[in-house]
Peer 1: 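The structure that follows is given in the form of structure tokens.
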Amino acid sequence: MTSEWAWTGRVDGTDPEHLRWHQVVTPYLPGGDPGACVFVGFASDEGVRRNKGRVGAASGPDALRRALSPMALPAPLRAFDAGTITVTDRRLEEGQRHLGTTVSALLDAGAFPVVFGGGHEVAYGSYLGLANSTVAASRGMAAPSTAPSRSKPTVGILNLDAHFDLRPDLLPSSGTPFRQILEADDTVRYAVIGISQPSNTADLFDTAHRLGVRYLLDDDCDPARVTTFVDEFLAGLDLLHLTVDLDVLPAAIAPGVSAPAAYGVAPAVIQSVCDRVTASGKLATADIAELNPVFDIDHRTARTAARLVHRLVTRHENVAGQPFRSSGSTHRSRR
């Protein structure tokens, strides 16, 4: 795991009313602060390369850190950075397993892991972490190939994405993570908001129907319908993993992705989904995928992604029902 400290920025003061993200994020040490958010980078675009997309997402984690760093906090909170897992020599599967081990350890320590990708292959690593954690075990989720499946699934993945990512390719890529997950564990519930019909073949729609995937087309993502969709999905779950592929947003908002959206879902709608799931008390893990700084314009994509992370973390209620946010002026500052 590698890490160069990217949390820097302006300092207006060190009192609670002046704090920005870079002043509260500190290096993660095991046995630290239960209930806190821990950021993890996953520097990989090997899955994107295999999926014949535009590479560059390996630089996404630090671009996202830099974009989040100067944002002002509404109140003091606790947050840590566990560094970046880097996929080298095209060893994607090894990197995904490493990410899974890291996320599991964070969950077992009581943390709220938020992973910065990387291509959407990050989602499979995040899933491995949740599936093999004691949090999942205590809720009855079976780890892949290690325990009998439950008759009634209580774990869900909500994907904000223009694509199903259910491709049948034998070689894992950024286009296969959710097929891999659903074929490994048929108790997992999978839902997607923002599907672009022209970006998904009829065969992929057939696969989605066969696997019981719930989805909303980008054409149908008005606020009321999205709220109903999210609430109905959450109602049947104990634990949720949220994965945000930034190509769900319009290309004018998020040009820095592997496959920019011709249409996309309005940022306000995506933000409302983040608000709803993070306040549900069911959100165990989250990841942000496909930020590609090589193709970003004026850091639009990075800043939009940072805004979504900001909302997810500052409004998060952990799975034990306790607020993530710390009280008073308990914080550490960094200049």
Side-chain angles (χ1 to χ4, degrees), residues 6-10 12 17-25 37-42 57 59-81 112-118 120 122 158-162 193-194 218 221 223 226-227 230 240-258 260-261 264-280 283 285-293 295-317 324-325:
W7 300 97
T8 60
R10 172 175 177 160
D12 293 326
E17 64 269 24
H18 297 302
L19 294 178
R20 300 174 187 272
W21 274 99
H22 71 90
Q23 293 175 274
V24 301
V25 177
C37 172
V38 180
F39 300 117
V40 181
F42 187 68
S59 300
D62 276 350
L64 185 43
R65 288 179 173 106
R66 287 190 294 269
L68 184 59
S69 286
M71 291 189 174
L73 291 165
L77 52 71
R78 300 161 291 154
F80 301 90
D81 192 326
F112 171 41
V114 177
V115 184
F116 294 168
H120 215 172
V122 66
L158 180 60
N159 182 18
L160 310 185
D161 198 341
I193 293 175
D218 52 8
C221 285
V226 169
T227 296
V230 172
L240 177 71
H241 171 63
L242 175 68
T243 181
V244 182
D245 186 326
L246 295 168
D247 71 20
V248 73
L249 295 159
I253 302 296
V257 294
S258 174
V265 180
V269 173
I270 296 300
Q271 181 171 267
S272 72
V273 174
C274 292
D275 289 348
R276 209 153 191 90
V277 301
T278 204
S280 70
L283 182 63
T285 53
D287 59 46
I288 306 293
E290 301 286 351
L291 172 57
N292 188 334
F295 297 100
D296 210 357
I297 300 171
D298 296 331
H299 310 292
R300 291 179 203 167
T301 316
R303 288 171 176 161
T304 302
R307 173 66 180 256
L308 295 176
V309 172
H310 176 84
R311 298 281 285 218
L312 281 171
V313 179
T314 59
R315 299 184 176 211
H316 184 248
E317 294 280 340
F324 159 79
R325 194 178 303 109

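Please read these numbers as outputs of a predicted model, since none were measured by experiment. Position 1 is the first residue of the sequence; numbering continues from there.
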Peer 1: What's the spacing between D275 CG and I270 CD1 if we round to 0.5 Å?
Peer 2: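 Answer rounded to 0.5 Å: 11.5 Å.
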
Peer 1: So, do L158 and T243 sit near enough that their side-chain heavy atoms are less than 4.5 Å apart?
Peer 2: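 Side chain of L158 against side chain of T243, heavy atoms only: no contact under 4.5 Å found.
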
Peer 1: Just do the side-chain contact (heavy atoms from CB on, under 4.5 Å) check on D296 and N292 with the steps written out, would you?
Peer 2: CA-CA 7 Å; D296 210 357; N292 188 334; over 6 Å; no

Peer 1: Once rounded to the nearest 0.5 Å, what's the spacing between atom NE2 of H22 and atom CG of L73?
Peer 2: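 Here the rounded value is 9.5 Å.
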
Peer 1: Do you know which two heavy atoms are closest between D218 and G264, and how far apart they sit?
Peer 2: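 Minimum heavy-atom separation between D218 and G264: OD2-N, 4.1 Å.
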
Peer 1: Please answer whether the main-chain N or O of D245 pairs with a side-chain N or O of D161 as donor and acceptor at a distance below 3.5 Å.
Peer 2: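 Not at all, since once roles are kept as given, no pair shorter than 3.5 Å links the two residues.
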
Peer 1: Do E290 and S258 come close enough that some side-chain heavy atom pair is under 4.5 Å?
Peer 2: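 Yes, at least one pair of side-chain atoms sits under 4.5 Å.
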
Peer 1: According to the interplanar angle, ranging from 0 to 90°, do the rings of H310 and W21 count as parallel (below 30°), tilted (30 to 60°) or perpendicular (above 60°)?
Peer 2: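 Plane angle over 60°, so perpendicular.
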
Peer 1: Please check if the distance between the ring centroids of F42 and F116 is under 6.0 Å.
Peer 2: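 No - the distance between ring centres of F42 and F116 does not fall below the 6.0 Å cut-off.
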
Peer 1: Atom CZ in R10, atom CG in D12: separation rounded to 0.5 Å?
Peer 2: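 Spacing of CZ (R10) from CG (D12) equals 4.5 Å.
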
Peer 1: Find out whether T285 and F112 are in side-chain contact, i.e. whether some heavy atom of one side chain is under 4.5 Å from a heavy atom of the other.
Peer 2: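 A side-chain contact is absent here, since even the closest heavy-atom pair is not under 4.5 Å.
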
Peer 1: Measure the CG-CD distance between L312 and Q271 for me, rounded to the nearest 0.5 Å.
Peer 2: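 These two atoms lie 9.5 Å from each other.
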
Peer 1: Please tell me if the side chains of P293 and S59 come closer than 4.5 Å, counting only heavy atoms from C-beta onward.
Peer 2: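 They are in contact (side-chain heavy atoms under 4.5 Å apart), so the answer is yes.
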
Peer 1: Mind running side-chain contact (heavy atoms from CB on, under 4.5 Å) on L249 and L160 for me, showing each step along the way?
Peer 2: CA-CA 9 Å; L249 295 159; L160 310 185; over 6 Å; no

Peer 1: Could you tell me whether D81 and R65 make a salt bridge, using a distance below 4.0 angstrom between a side-chain N and a carboxylate O?
Peer 2: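 Result for this pair is yes, salt bridge flagged.
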
Peer 1: For A289 and H120, work out which heavy atoms get closest and say how close.
Peer 2: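 Distance-wise, the nearest heavy atoms are CB-CD2, 3.5 Å.
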
Peer 1: Checking R307 side chain against M71 main chain: does a donor-acceptor pair fall under 3.5 Å?
Peer 2: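 No, because the side chain of R307 does not come within donor-acceptor range (under 3.5 Å) of the backbone of M71.
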
Peer 1: Mind checking whether F39 and V25 have side chains closer than 4.5 Å, heavy atoms only?
Peer 2: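 SC-SC contact between F39 and V25 confirmed.
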
Peer 1: Go through L77 and C37 one step at a time and tell me if the side-chain contact (heavy atoms from CB on, under 4.5 Å) criterion holds.
Peer 2: CA-CA 9 Å; L77 52 71; C37 172; over 6 Å; no

Peer 1: E317 side chain to S280 main-chain N or O, any donor-acceptor pair under 3.5 Å?
Peer 2: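 Not confirmed, E317 side chain does not pair with S280 backbone.
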
Peer 1: Between the side chain of T278 and the main-chain N/O of C274, is any donor-acceptor distance below 3.5 Å?
Peer 2: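 No, the answer is negative, given that no donor and acceptor are paired below the 3.5 Å cut-off.
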
Peer 1: Using modelled atom types and a 3.5 Å cut-off, is there a donor and acceptor pairing between side-chain atoms of N159 and backbone atoms of V244?
Peer 2: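 No, the answer is negative, given that no donor and acceptor are paired below the 3.5 Å cut-off.
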
Peer 1: Flag the pair L19 / P76 as yes when at least one side-chain heavy-atom distance between them is below 4.5 Å, and no otherwise.
Peer 2: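 Of all side-chain heavy-atom pairs linking P76 with L19, at least one is under 4.5 Å.
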
Peer 1: Got a donor-acceptor contact below 3.5 angstrom from the R20 side chain to the S69 backbone?
Peer 2: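 Here the side-chain-to-backbone pair does not exist.
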
Peer 1: Restricting to non-hydrogen atoms, name the atom on A63 and the atom on A302 that form the minimum distance, rounded to 0.1 Å.
Peer 2: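 In this case the closest contact between A63 and A302 is O-CB, 4.0 Å.
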
Peer 1: Could you tell me if the side chain of R78 sits less than 4.5 Å from the side chain of V24, heavy atoms only?
Peer 2: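 They are not in side-chain contact.
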
Peer 1: Search all heavy atoms of G194 against all heavy atoms of C221 and return the closest pair with its distance.
Peer 2: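 Smallest interatomic distance, heavy atoms only, reads N-SG, 3.9 Å.
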
Peer 1: Kindly indicate whether the side chain of D287, heavy atoms from C-beta on, has any atom under 4.5 Å from the side chain of H241.
Peer 2: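 Yes - at least one pair of side-chain heavy atoms lies under 4.5 Å apart.
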
Peer 1: Quick check on side-chain contact (heavy atoms from CB on, under 4.5 Å): which of L291, V114, L246 does L64 satisfy it with?
Peer 2: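 Going through L291, V114, L246 one by one, the side-chain contact (heavy atoms from CB on, under 4.5 Å) with L64 is satisfied by L291 alone.
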
Peer 1: Run the side-chain contact (heavy atoms from CB on, under 4.5 Å) check on I288 and V122 step by step: do they pass?
Peer 2: CA-CA 8 Å; I288 306 293; V122 66; over 6 Å; no

